[in-house]
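Remember, it's 1-based here, ligands and their atoms both numbered in the order they're listed.
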Amino acid sequence: MAAQTYLFPCLNDNFGVLIHDPQSGVTASIDAPEAAPIEAALKKTGWRLTEILVTHHHADHTQGIGELKNNHQCRVVAPRAEAARIAHVDETVGEGDTVKVGGLSGRVIETPGHTAGHISYFFPVEKLAFVGDTLFSIGCGRVIEGNPEMMWHSLLKLRGLPDDTQFYCGHEYTAANIRFAKTIEPNNQALAARADEASRQLAAGKATIPATIGTEKAANPFLRADDAEVAKSLGLSGSPAWKVFAEIRERKNRF
Ligand SMILES: [Zn+2]
């Protein structure tokens, strides 16, 4: 049986997500924004928590770890570069490392920029990616600890995943991201289609994720900073893509 995922809201606008291997019964929580909704998700699914895979050290991704570890004695996997800032870590990982979730095999991709040691987890067989606060649907994380060039290269790594990869991010920011994206590419048809889809999802009380890398490549301005038309519309023709990215990020910060 294929991997199963279960997505649910945490805190104000965070996502919680579980990935479960039915064969082995192993279940990982991606990050731990808040213990109670994760416990509720485990109860609802009947899955037993065995792992927590941490993307970065921010409190809204880690503050549930202590309670969950206490309740389930689960293994906590975290980015090597941030392990000192995350409590209860059992195993640290970096670029190219493999993380086993029962019979499922995830690859660690270092995606610094939002934080200096941020990592993402990619399961190539299942075509699932867990990208924390690096990539959002039609947006990206704020560049807090890194610099725009670093963040652009991290986004390029995620953009390079197969188009049909479904990715899960840390927050439900899609509607606001779409409002901003339209100011960068008002005539982007893929963006218009994604906007319609997201409106329908939100109106039905559903999450707007997972989304696919293929859709993001066509519609997310932060992944399109090397598109000549995007650069031109920002008055940055001929500039390196990361500078175009930096301008888009700066405009979003002020939006
Ligand atoms: Zn964060």
Subject >> Atom name of the N, O or S atom in H58 that lies nearest to the Zn ion (ligand 1) >> reply: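 The H58 atom nearest to the Zn ion (ligand 1), restricting to N, O or S, is ND1.
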**OP:** Would you mind naming the N, O or S atom of D133 nearest to the Zn ion (ligand 1)?
**Re:** OD2
Of all the atoms in [X], is at least one N, O or S atom closer to the Zn ion (ligand 1) than 2.8 Å?
X    : value
D60  : no
H61  : no
H118 : no

Original post:
Would the Y6 and H20 ring centres measure less than 6.0 Å apart?
Top reply: no
**OP:** For T183 and R179, indicate whether the former's side chain and the latter's backbone hold a donor-acceptor pair under 3.5 Å.
**Re:**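 Not at all, since once roles are kept as given, no pair shorter than 3.5 Å links the two residues.
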Subject >> Salt bridge present between R200 and E197 (N-O < 4.0 angstrom) >> reply: no
Original post:
Once rounded to 10 degrees, what value does the angle at the Zn ion (ligand 1) take between NE2 (H114) and NE2 (H56)?
Top reply: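 Output for this angle: 100°, rounded to tens.
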Original post:
Where does the angle between the aromatic ring planes of F222 and F180 fall among parallel (under 30°), tilted (30 to 60°) and perpendicular (over 60°)?
Top reply: parallel
Subject >> Nearest heavy-atom neighbours spanning F15 and L7 >> reply: CD2-CD1, 3.7 Å
